[in-house]
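These notes concern the structure reproduced below.
Below, read A as the first sequence line, B as the second, and so on, with proteins coming before strands; counting in each chain starts at 1. Keep in mind that what you see is a predicted model, and the values were worked out from it rather than measured.
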Protein chains: 2
Amino acid sequence: MRESAVKDRILDTASRLFYDQGYNLTGINQIIEEASIARASLYNHFEAKSDLLLAYLDRTHQRWFEELEEFLRPFTDPREKLLAIFDFRIRRQQKLKYRGCHFNKITAEACEEEGVAQRVLVHKERLRGYIHQLVLRVKHRRLLDDDMLTDTIFLLMEGGLAVGAMYRNSKDTKSAKRIVENLL
Amino acid sequence: MRESAVKDRILDTASRLFYDQGYNLTGINQIIEEASIARASLYNHFEAKSDLLLAYLDRTHQRWFEELEEFLRPFTDPREKLLAIFDFRIRRQQKLKYRGCHFNKITAEACEEEGVAQRVLVHKERLRGYIHQLVLRVKHRRLLDDDMLTDTIFLLMEGGLAVGAMYRNSKDTKSAKRIVENLL
DNA sequence: GTCTATAAAATGATAGAC
DNA sequence: GTCTATCATTTTATAGAC
């Protein structure tokens, strides 16, 4: 029972353009042209451009954690898992040509859009919570307590990603990983 | 010898709008209206909208370090200075309504624009260098070497700012400061 | 240097045929 | 559900009067 190949093509194309060249720089015209669908077909599947944005964020959020958990599956030790999150993000940085975190980008571009800020929050809090669970299980040097160590890992990661988008490289995410290795 | 009150008004208004609502969402029309100047006056002082963007970045960069150095002047101890940079940025977060780092925002919005990426790089490398000089002078616990400690402080700061824009608060920048206090 | 008027293109969205 | 044709706005930028 195929939902609609057209709808998929619209969301795929829009997602790619929203991330690569920005939400506000991407026009409806470009989406329908590159997706090879008719103007009204877009509006049949999505009420407005802003609904496309929310669908893009929802799908990105879902896939992000699916891919993370897939990537971490081979590891059992919490220390290894924590460090592997950095590898996951470094690999993603390369794959995405160092354009940075989807949720950081959209916050900078369209945080006033209805529903955006809440979705960004949910995404980042889930990552922080994920790190927190691993920190609780890891035997670390206790240079910092569990809560502070959680924030340290989370913030080094987010900082590395943001700076990586400015420098267009993974240098700082790699540096962040080495720092965490020393603190654990 | 007043350069031009009009030119100042244009750049003031454009800068405010570029940061508050975004570069791509700010039209020439809105700038000329809010600055109360004529359309052609803008193009008399700036060749194009993109030149306004570069002027905005240059002025923001210059003022940023002037204000930082002014803020740090009362402190002499390198440890105090390092921690005060966090206070400087926390105060700025509040003043700017948690909209995040100017240079992170513009990277997300318009990093392809001629001259933007280079200006962002210069700004961030200068901050990193500033932190590095202080780290070299501070007597710290040597949990990390000087280079890693520099990156730690820099990345915790950048992470705190980026996350602060998503959460619309200073919680993580304050957390970053406490972490650095523990690591120094 | 500042102004008004206007151009040419792109924007998001809708109507109505098939 | 998909299509083409079209709408009203808004976009960046220029011409030419004063």
inquiry  = According to side-chain hydrogen bond (donor to acceptor under 3.5 Å, both in side chains), who are the partners of A:Gln30, at least two apart in sequence or on a separate chain?
reply    =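 Once residues adjacent in sequence are excluded, the partners of A:Gln30 under the side-chain hydrogen bond (donor to acceptor under 3.5 Å, both in side chains) criterion are A:Gln21, A:Glu34.
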key: By side-chain hydrogen bond (donor to acceptor under 3.5 Å, both in side chains) - contacts of B:Asp147 (at least two apart)   =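 Testing B:Asp147 for side-chain hydrogen bond (donor to acceptor under 3.5 Å, both in side chains), a comparison that skips the adjacent residues, returns none.
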Distances for protein N/O vs nucleotides 9-12 of chain D N/O pairs under 3.5 angstrom?
residue, atom, partner, partner atom, Å
D:dT11, OP2, B:Asn29, ND2, 2.9
D:dT12, OP1, B:Lys49, NZ, 3.1
D:dT12, OP2, B:Ile28, N, 2.6
D:dT12, O4, B:Arg39, NH2, 3.3

Separation of atom [atom1] in [X] from atom [atom2] in [N], rounded to whole Å:
{"X": "B:Ile10", "N": "C:dG1", "atom1": "CD1", "atom2": "P", "result": "11 Å"}
{"X": "A:Glu33", "N": "C:dT11", "atom1": "CD", "atom2": "P", "result": "10 Å"}
{"X": "A:Arg9", "N": "D:dG1", "atom1": "CZ", "atom2": "P", "result": "15 Å"}
{"X": "A:Leu52", "N": "C:dG12", "atom1": "CG", "atom2": "C1'", "result": "12 Å"}
{"X": "A:Phe46", "N": "C:dT14", "atom1": "CZ", "atom2": "P", "result": "16 Å"}
{"X": "A:Phe18", "N": "C:dG12", "atom1": "CZ", "atom2": "C1'", "result": "12 Å"}
{"X": "B:Ile32", "N": "C:dC3", "atom1": "CD1", "atom2": "P", "result": "10 Å"}

request  = Taking only the side-chain heavy atoms of B:Asn44 (C-beta and beyond), determine which of D:dA15, D:dT2, C:dG1 contains the nearest atom.
outcome  =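 Of the options given, the side chain of B:Asn44 lies nearest C:dG1.
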query = Does B:Phe46 have any ring pair (Phe, Tyr, Trp, His ring centres under 6.0 Å) partners at least two apart in sequence or in another chain, and if so, which?
reply =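 Ring pair (Phe, Tyr, Trp, His ring centres under 6.0 Å) check on B:Phe46 returns nothing, list empty.
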message = Considering only residues two or more places apart or on different chains, which pairs with a residue in residues 78-88 of chain B satisfy side chain to side chain donor-acceptor pair (under 3.5 Å)?
response =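 Matches after skipping sequence neighbours: B:Asp87-B:Lys177.
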Identify all side-chain donor-acceptor contacts of residues 48-55 of chain B below 3.5 Å with residues at least two apart in sequence or on another chain.
residue, atom, partner, partner atom, Å
B:Lys49, NZ, B:Tyr23, O, 3.0
B:Lys49, NZ, B:Thr26, O, 2.9
B:Asp51, OD2, B:Ala48, N, 3.2

message = Do A:Lys124 and B:Tyr167 form a cation-pi contact, if we require the NZ or CZ to be under 6.0 Å from the six-membered ring centre and within 45 degrees of the ring's axis?
response =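 Ring-cation test returns no.
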ask   = Quick one: is C:dC3 close enough that its OP1 or OP2 comes under 4.0 Å of any side-chain N or O from B:Ser41?
value =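 Answer yes for this pair, as a side-chain N or O of B:Ser41 is under 4.0 Å from OP1 or OP2.
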